[in-house]
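Scroll down for the structure; my scribbles are underneath it.
Numbering of residues begins at 1 and proceeds along the displayed sequence.
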Amino acid sequence: MHDEMMTLIDDCIARMTLLRDQLAASRRVQPGERHTTVLDAIAVAERFATEATRTVSPPSVTLSPPAAGPVVRYSTAG
């Protein structure tokens with residue numbers, strides 16, 4: 001379990017760091033781009049929470065799998 005948790009944490013940190021870099025970049029951004037990046041960060045955190053819970057939970061606990069589909073994007077254009 002220890003190795004699996006370390007891998008989950010490392011993966012989450014790496015993904016969050018990439019998203020943070022997108023938010024911190026000093027460049028022009030497209031409308032809604034920051035909002036989308038934040039939604040992506042939420043999806044990363046949710047996936048970590050689901051997988052970490054699955055790792056530390058007894059085998060008898062049944063959890064629904066994390067969303068494997070695309071991240072839903074919201075548009076403010078229109």
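Membership of the apolar cluster around Val44 extends to Met16, Leu19, as traced through chained side-chain contacts below 4.5 Å between ILVMFWY residues. If you chain together ILVMFWY residues whose side-chain heavy atoms come under 4.5 Å of each other, Met6 ends up in a group of its own.
Nearest heavy atoms, Leu8 versus Phe48: O-CD1, 3.7 Å.
A distance of 11.5 Å separates OG1 of Thr55 from CG of Asp3, quoted to the nearest 0.5 Å. In this structure, OG1 on Thr50 lies 8.5 Å from CZ on Arg47, to the nearest 0.5 angstrom. A distance of 11.0 Å separates CG of Asp40 from CG of Leu18, quoted to the nearest 0.5 Å.
By the 4.5 Å heavy-atom criterion applied to side chains, Gln22 and Val29 are not counted as neighbours.
Under the side chain to side chain contact (heavy atoms under 4.5 Å, CB included) criterion, Ile42 pairs with Val38, Leu39, Glu46, sequence neighbours left out. In this structure Arg20 satisfies the side chain to side chain contact (heavy atoms under 4.5 Å, CB included) test together with Ala24, sequence neighbours excluded. Looking at residues two or more places apart in sequence or on another chain, you find a salt bridge (charged side-chain N to carboxylate O under 4.0 Å, His left out) between Arg27 and Glu33.
Annotation: salt bridge (Lys or Arg N to Asp or Glu O under 4.0 Å) contacts involving residues 6-17, sequence neighbours excluded, comprise Asp11-Arg15.
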